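Accompanying notes for the structure given below.
These numbers come from a predicted model, not from an experiment. FYI, side chains are in, hydrogens and waters are out, and symmetry mates aren't considered; it's all heavy atoms of this structure. Order of the sequence lines sets the chain letters (A, B, ...), proteins ahead of strands, with each chain counted from 1.
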There are 2 protein chains.
Amino acid sequence: MKNKKDENTEQKIIDTAERLFLEKGFAMTSTTEIAREVGCNQALVHYYFRTKEKLFEAIFEKKIKMFVKPFLESKDEYKPFEERLKNLIENHYELIKANPKVPFLFLNELLTNPVRLESLRKKIGDLPKMLLAKIDEDLKTEIKKGTIRPMNTIDLFISILSLNITIFLISPVLKNIINLSDDELNNIIENRKNENVLMILRCLKP
Amino acid sequence: MKNKKDENTEQKIIDTAERLFLEKGFAMTSTTEIAREVGCNQALVHYYFRTKEKLFEAIFEKKIKMFVKPFLESKDEYKPFEERLKNLIENHYELIKANPKVPFLFLNELLTNPVRLESLRKKIGDLPKMLLAKIDEDLKTEIKKGTIRPMNTIDLFISILSLNITIFLISPVLKNIINLSDDELNNIIENRKNENVLMILRCLKP
DNA sequence: GCTATAATTAATAGAATTATTAAATAATAT
DNA sequence: ATATTATTTAATAATTCTATTAATTATAGC
């Protein structure tokens, strides 16, 4: 019977690599360091994953899926647009809150490594465009009804993304520079979900 | 008389290093690569700057100053709060627009290197706190007057920062994934300044 | 117990990187 | 013209990192 402490070394390598990649990015994390933290020989990392790149990709892809999946499950609730939007923002926010370091990982790796960006594009294809088109439909309908002011879907999308990710991107810096306690930071994070919803809904008003 | 083409090698090294650091970050840029792009011997980079770290710090500090300076010049215009806030947002946006890769540099280096974060904190001290306190005063006055709704200064600050930086952080990814043309992206960027001002001012309303 | 397979390690090749040093070349001043 | 100083290069030490290989130890099946 496997002890929790003595679990699968392969899994331990994945977990440790994930933690380190999230903390310091791909370039700043060495397989040597991963092995050291796991407490195994460095060759073992390569035994299971052949290359550092493949190990990273396994983790990266997992995270991509985690962030794409919720947007595919179109719970086409027959609720008013505003309510659906509110849910979307809140769910997105909670997803990031549960994985606060992922936005930086995405940003860092997609910006510094063109290959990774290209492979992502190939993988997800025009899924983003389709999702945007779907919101666009709703938006146009509402605009015609006059319930919201004229605006581009892409702008709405950027606004939501901006508000939702940035607090998590900057929080370690903020905490240090403004000298925030854990509690203060948590309060801010707790408060921002509502703040973001409020801002988006207000900015839609005609 | 110095030819433009044949300018100062030291300056060429700084310029090239700056470009590469902004593009790929500190870790992914080697002094060998800088030298290759400059067209000089790799030892020359170390001759002028001793270490890669010192070269980076020179550039990093320049960028920090560039982004801190405008907020120190308190043009205490005797204009209404809303107008001053509008100016603040717009100036901040334009500053980033003129240096679109700097936000990522800051984020990347401050998040992946604790030493850099600590040294920044020591350098700027409680300047951020003081600037926040200053806005806080104004804000409290306006809230008392009832011209804006009750809200924390820090939340306002985060909202502005979120809206202003994110488009520049994500634009290379956005361009690729949504398949935007340069013109389309420029339009979005052009439009966002107003969008951001609008959102912030609206969210302040009681 | 014996054998086959899986997991793990030690050793190391090979490449890249930072940094230094000594020598060579160019520029400047006297 | 020569001495002095600044710039540049070639060579290389020292380190780190990825990846591979061969050998060793552990595990499971029969």
Item to check | B:E184: salt bridge (Lys or Arg N to Asp or Glu O under 4.0 Å) partners, not counting sequence neighbours | outcome: none

Contacts under 3.5 Å, N or O only, protein and nucleotides 22-29 of chain C:
none

Checklist entry - Regarding A:S162 and B:S162, is there a side-chain donor-to-acceptor distance under 3.5 Å anywhere? => result no

Checklist entry - Can you list, by residue number, the residues of residues 31-53 of chain B that have a non-hydrogen atom closer than 4.0 angstrom to DNA chain D? => result B:C40, B:N41, B:A43, B:L44, B:Y47, B:Y48

Checklist entry - OP1, OP2 of D:dT7 versus side-chain N and O of B:T9: anything below 4.0 Å? => result no

Item to check | For A:N41, all residues meeting side chain to side chain contact (heavy atoms under 4.5 Å, CB included), sequence neighbours excluded | outcome: A:A43

Next on the checklist: We want to know whether A:R36 and A:S30 form a side-chain donor-acceptor pair, criterion being a heavy-atom distance below 3.5 angstrom.
Outcome noted: no

Next on the checklist: Without decimals, in angstroms, what is the distance between A:N8 CG and C:dA6 P?
Outcome noted: 14 Å

Checklist entry - Does any non-hydrogen side-chain atom of A:I14 lie less than 4.5 Å from one of A:K62? => result yes

Next on the checklist: Strictly by salt bridge (charged side-chain N to carboxylate O under 4.0 Å, His left out), give each pair with a member in residues 97-111 of chain A just once, sequence neighbours left out.
Outcome noted: A:K97-A:E190, A:E109-A:R116

Checklist entry - Does any donor atom in the side chain of A:N87 or A:E83 lie under 3.5 Å from an acceptor atom in the other side chain? => result no

Next on the checklist: Which residues pass the salt bridge (Lys or Arg N to Asp or Glu O under 4.0 Å) test with B:K54, not counting sequence neighbours?
Outcome noted: none

